[in-house]
Amino acid sequence: MNKKEIPVDGPENEENLDNVTTEETNNTTEDSTVDNTSEETTPEQEQNAEEVASTKENEEKEESKLSETERLQKELGEMKDKYLRIFAEFDNYRKRTIKERQDIIKLAAKDSLAALLPAVDDFSRAIDNEESMPEGVILIYNKLYKALEQQGIKEMETTGQDFDPELHEALTKIPAPSEELKGKIIDTIEKGYYLNDKIIRYAKVVVGE
């Protein structure tokens, strides 16, 4: 803006000075109004700013929820694995306990039944060696042997079988009558017995060589 040089002397000059001062004041006010207007935000801008802030806040909440969900899923997976391991261990323990209990029940009378085996051997030898054995004695033997079988007693097959140190006890070795009998059991001195598929007495045998 170009400044006007105004004479100082005279009433007209004073009036002109007042006019100039008023004009400058008005211009200053207009400039201030323009500046203030340019700094103020419109309602639309305020709304957009609020929407942006709200969107950002919602995104942060969603990320927080996703993070929490992933953490919970991880914990759930770990607990599931732990439960499955514990369940498997308990199931194995239960099966093992049942089997041990069954074995105890099956073998509970092992000593008592084993004590009867010598008497069974004597009966068997007497019947085999005496052709005129009374029928009543044979009947008693058969009943006794059947009763033992019902308790789980089973006679071991030996004569003519391959010698197995896990099952048989070799008392002596003799020349085999034939090549086929080498390493096989030639004779059984004392029979072996199982109790519920477990050996309670090893067979005492003679082996061919």
Side-chain angles (χ1 to χ4, degrees), residues 50-124 139-173 180-209:
E50 291 177 356
E51 290 178 354
V52 170
S54 177
T55 302
K56 186 176 181 181
E57 183 179 356
N58 291 334
E59 290 177 353
E60 291 177 353
K61 288 182 179 179
E62 289 296 329
E63 290 178 357
S64 178
K65 287 181 180 178
L66 289 174
S67 178
E68 182 69 13
T69 301
E70 291 174 354
R71 184 182 67 80
L72 292 175
Q73 288 178 345
K74 183 179 179 181
E75 290 182 358
L76 179 62
E78 291 175 353
M79 293 179 66
K80 185 177 180 180
D81 291 341
K82 185 177 180 181
Y83 167 76
L84 292 176
R85 286 196 299 270
I86 293 175
F87 179 80
E89 290 176 0
F90 174 77
D91 190 54
N92 292 334
Y93 168 77
R94 181 180 61 83
K95 290 178 180 178
R96 185 171 62 252
T97 303
I98 291 174
K99 186 178 183 303
E100 290 175 353
R101 187 185 303 116
Q102 290 174 345
D103 291 340
I104 290 173
I105 293 173
K106 288 179 180 179
L107 299 175
K110 174 183 175 181
D111 293 339
S112 299
L113 294 174
L116 294 175
L117 295 180
V120 174
D121 292 336
D122 292 340
F123 263 113
S124 179
L139 181 62
I140 292 171
Y141 169 77
N142 289 335
K143 285 184 176 181
L144 175 61
Y145 194 82
K146 185 176 182 181
L148 292 174
E149 285 183 330
Q150 291 175 347
Q151 298 300 318
I153 293 291
K154 181 182 177 182
E155 184 178 319
M156 187 183 298
E157 295 182 6
T158 52
T159 302
Q161 302 294 318
D162 291 330
F163 175 74
D164 185 352
E166 298 293 329
L167 303 175
H168 314 128
E169 180 182 348
L171 295 182
T172 186
K173 292 182 179 181
E180 291 79 8
L181 292 178
K182 284 186 177 181
K184 294 184 181 294
I185 297 173
I186 305 298
D187 190 19
T188 301
I189 306 302
E190 186 177 79
K191 294 179 180 179
Y193 288 93
Y194 297 99
L195 175 60
N196 296 314
D197 298 326
K198 292 185 180 296
I199 299 173
I200 61 171
R201 194 176 80 178
Y202 293 90
K204 297 178 180 179
V205 298
V206 177
V207 182
E209 62 177 358

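In this text, all values refer to a predicted model and were calculated from it rather than measured experimentally.
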Keeping to residues at least two apart or across chains, list the side-chain hydrogen bond (donor to acceptor under 3.5 Å, both in side chains) pairs with something in [range].
| range | value |
| --- | --- |
| residues 78-94 | D91-R94, D91-K95 |
| residues 158-168 | T158-T188, T159-T188, D162-K184 |
| residues 141-152 | Y145-E155 |

Do the charged groups of E75 and R71 touch, with an N to O distance under 4.0 Å?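 Yes, E75 and R71 are salt-bridged.
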What's the verdict on side chain to side chain contact (heavy atoms under 4.5 Å, CB included) for Y194 and L167, showing C-alpha distance, side-chain angles and the deciding distance? CA-CA 10 Å; Y194 297 99; L167 303 175; 3.9 Å; yes
Within the structure provided, determine whether [X] and [Y] are in side-chain contact (heavy-atom separation under 4.5 Å).
| X | Y | value |
| --- | --- | --- |
| V120 | Y193 | yes |
| E100 | R96 | yes |
| L117 | I200 | yes |

Measure across E190 and R201 and return the closest heavy-atom pair with its distance rounded to 0.1 Å.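 In terms of heavy atoms, the two residues are closest at CG-NH2, 3.3 Å.
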Hey, what do you get for [atom1] ([X]) to [atom2] ([Y]), rounding to the nearest 0.5 Å?
| X | Y | atom1 | atom2 | result |
| --- | --- | --- | --- | --- |
| I189 | L171 | CD1 | CG | 6.0 Å |
| I199 | K154 | CD1 | NZ | 12.0 Å |
| L76 | T69 | CG | OG1 | 12.0 Å |
| T97 | F90 | OG1 | CZ | 8.5 Å |

With sequence neighbours left out, write down each residue that passes salt bridge (Lys or Arg N to Asp or Glu O under 4.0 Å) with R101, or none if nothing qualifies. none
Looking at residues at least two apart in the chain, or sitting in another chain, which of them share a salt bridge (Lys or Arg N to Asp or Glu O under 4.0 Å) with K99? D103
Listing, residues 202-209 side-chain donor-acceptor contacts under 3.5 Å, not counting sequence neighbours, or none:
none

